[in-house]
Trainee: 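First the structure, then my questions, so here it is.
Since this is a predicted model, take the numbers as computed values, not measurements.
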Amino acid sequence: LTEKSDPCNWFKDLIKYKNMKTSHQILIATLLVSLLIASRIYSPLANFTAVGAVALFSGYLLGTRKGMAIVFSGMLFSDLFFEVIYDIGTMTDVYAALFACVLIGRKNIDFGFSNLKASRLLAVVTKAISAGIVFYLISNLGVWLFSGMYTLNIYGLIECYALAIPFFKFTWLGVLSFSLLLFGSY
């Protein structure tokens, strides 16, 4: 932080990407990983977590590689807490879906919106909804392919996606809510 910075904009000053010091990047990464883990552990509703929003925000703020590292470490630590053992196919698809969310969050993907405040809000909402849809499609494709719960034909795929709709509702609400919180604080 500089002496001339406005005390009301401390967070924005802290995380300006081009001038961000390594110690600030580590602090932000730690906060994002902590939010991801805490939201998975203490979520009152199934799939209403900050995971997708952290993926979007870290991709936006820190870029693809660091964003993916944040999501991977947060998911890995929280999976260890839950002692979740996925089959490798489903786990790969869940992580791939989250990495796609990091890519959606990148700065250079702005869906054509300008820098107007209302347009930035619309861009965040669009990215959040897109991330929720992408996560739903990729992760449930993995469930269909690798879980053994569904027949491996078009009817099984449709059944898999249909039965996942209740989870999708809370997934995208979580992504949207936490994205508005993270991007709004930025």
Side-chain angles (χ1 to χ4, degrees), residues 32-33 35-60 63-65 67-113 122-183:
L32 290 173
V33 169
L35 174 62
L36 188 154
I37 293 169
S39 73
R40 286 192 77 201
I41 293 171
Y42 300 112
S43 177
L45 302 169
N47 291 7
F48 184 82
T49 67
V51 175
V54 167
L56 284 174
F57 191 66
S58 62
Y60 174 80
T64 305
R65 287 187 302 185
M68 289 182 178
I70 288 168
V71 171
F72 180 77
S73 59
M75 288 295 293
L76 184 64
F77 287 127
S78 57
D79 282 347
L80 292 174
F81 174 81
F82 287 121
E83 296 181 25
V84 174
I85 301 173
Y86 302 107
D87 62 80
I88 192 69
T90 303
M91 184 173 151
T92 301
D93 284 347
V94 167
Y95 281 65
L98 290 171
F99 292 159
C101 294
V102 170
L103 294 174
I104 291 170
R106 291 182 50 200
K107 284 184 185 179
N108 60 349
I109 303 175
D110 64 359
F111 295 103
F113 297 113
L122 188 56
V124 169
V125 169
T126 303
K127 285 182 179 199
I129 292 171
S130 298
I133 291 169
V134 165
F135 182 82
Y136 168 80
L137 292 173
I138 295 173
S139 63
N140 287 298
L141 179 66
V143 170
W144 173 69
L145 284 171
F146 301 111
S147 72
M149 296 169 40
Y150 304 98
T151 57
L152 294 178
N153 58 30
I154 191 67
Y155 301 110
L157 181 62
I158 291 169
E159 180 184 14
C160 179
Y161 281 126
L163 291 175
I165 289 172
F167 299 101
F168 173 62
K169 176 176 63 172
F170 293 119
T171 298
W172 79 261
L173 281 173
V175 174
L176 181 62
S177 301
F178 284 104
S179 291
L180 290 172
L181 176 71
L182 289 171
F183 283 95

Trainee: Would you say L103 and M68 make side-chain contact, with heavy atoms under 4.5 Å?
Mentor: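 Side-chain contact under 4.5 Å: yes.
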
Trainee: Using the side chain to side chain donor-acceptor pair (under 3.5 Å) criterion, which residues pair with T64? Sequence neighbours excluded.
Mentor: R106

Trainee: Heavy atoms only: give me the nearest F178-S39 pair and the separation to one decimal.
Mentor: CZ-CB, 4.5 Å

Trainee: State, yes or no, whether a side-chain contact exists between V102 and L56 at a heavy-atom distance under 4.5 Å.
Mentor: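 No, every pair of side-chain atoms sits at 4.5 Å or beyond.
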
Trainee: Distance from L152 atom CG to F146 atom CZ, nearest 0.5 Å?
Mentor: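 Here the interatomic distance stands at 9.5 Å.
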
Trainee: Could you tell me whether the side chain of S43 and the main chain of R40 form a donor-acceptor pair under 3.5 Å?
Mentor: no

Trainee: L36 pairs by side-chain contact (heavy atoms from CB on, under 4.5 Å) with which of I41, V54, T49?
Mentor: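 Of the listed residues I41, V54, T49, the side-chain contact (heavy atoms from CB on, under 4.5 Å) partner of L36 is V54.
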
Trainee: Identify the heavy atoms of V175 and A131 that sit nearest to each other, and give their distance.
Mentor: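 Looking at all heavy atoms of both residues, the shortest contact is CG1-CB, 4.3 Å.
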
Trainee: Minimum heavy-atom separation for V94 to M75, with atom names?
Mentor: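 Looks like CG1-CE, 4.2 Å.
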
Trainee: Run the side chain to side chain donor-acceptor pair (under 3.5 Å) test against T171 and tell me which residues pass, sequence neighbours left out.
Mentor: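 Per chain and number, T171 pairs via side chain to side chain donor-acceptor pair (under 3.5 Å) with N47.
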
Trainee: How close do Y95 and L76 get, counting heavy atoms only, and between which atoms?
Mentor: OH-N, 3.5 Å

Trainee: So which atom in G74 and which in V33 form the shortest heavy-atom distance, rounded to 0.1 Å?
Mentor: CA-CG1, 3.9 Å

Trainee: Work out which heavy atom in A55 is nearest to a heavy atom in S58; give both atom names and the distance.
Mentor: O-OG, 3.3 Å

Trainee: Are L35 and L182 close enough that some pair of their side-chain heavy atoms sits under 4.5 Å apart?
Mentor: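 Yes, their side chains come closer than 4.5 Å.
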
Trainee: Could you pull out every donor-acceptor pair under 3.5 Å between side chains of residues 133-144 and any protein atom, sequence neighbours left out?
Mentor:
unit_1	atom_1	unit_2	atom_2	d
Y136	OH	Y161	O	2.5
S139	OG	F135	O	2.6
N140	ND2	Y136	O	2.8
W144	NE1	T151	O	2.8

Trainee: Would you give the length of the straight line joining atom CD1 of I37 to atom CG of L32, rounded to the nearest 0.5 angstrom?
Mentor: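 Going from the CD1 atom of I37 to the CG atom of L32 covers 11.0 Å.
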
Trainee: Check the pair L157, Y150 against side chain to side chain contact (heavy atoms under 4.5 Å, CB included), reporting the backbone distance first and the verdict last.
Mentor: CA-CA 7 Å; L157 181 62; Y150 304 98; over 6 Å; no

Trainee: Hey, could you give me the CZ/CZ distance between F48 and F167, rounded to the nearest 0.5 Å?
Mentor: 16.0 Å

Trainee: Are the side chains of L181 and S177 in contact, using a 4.5 Å heavy-atom criterion?
Mentor: no

Trainee: For atom CZ of F99, is the number of surrounding heavy atoms from other residues, nucleotides or ligands below 6.0 Å larger than 12?
Mentor: yes

Trainee: Rounded at 0.5 Å granularity, tell me how far NZ in K127 sits from OG in S179.
Mentor: 10.0 Å

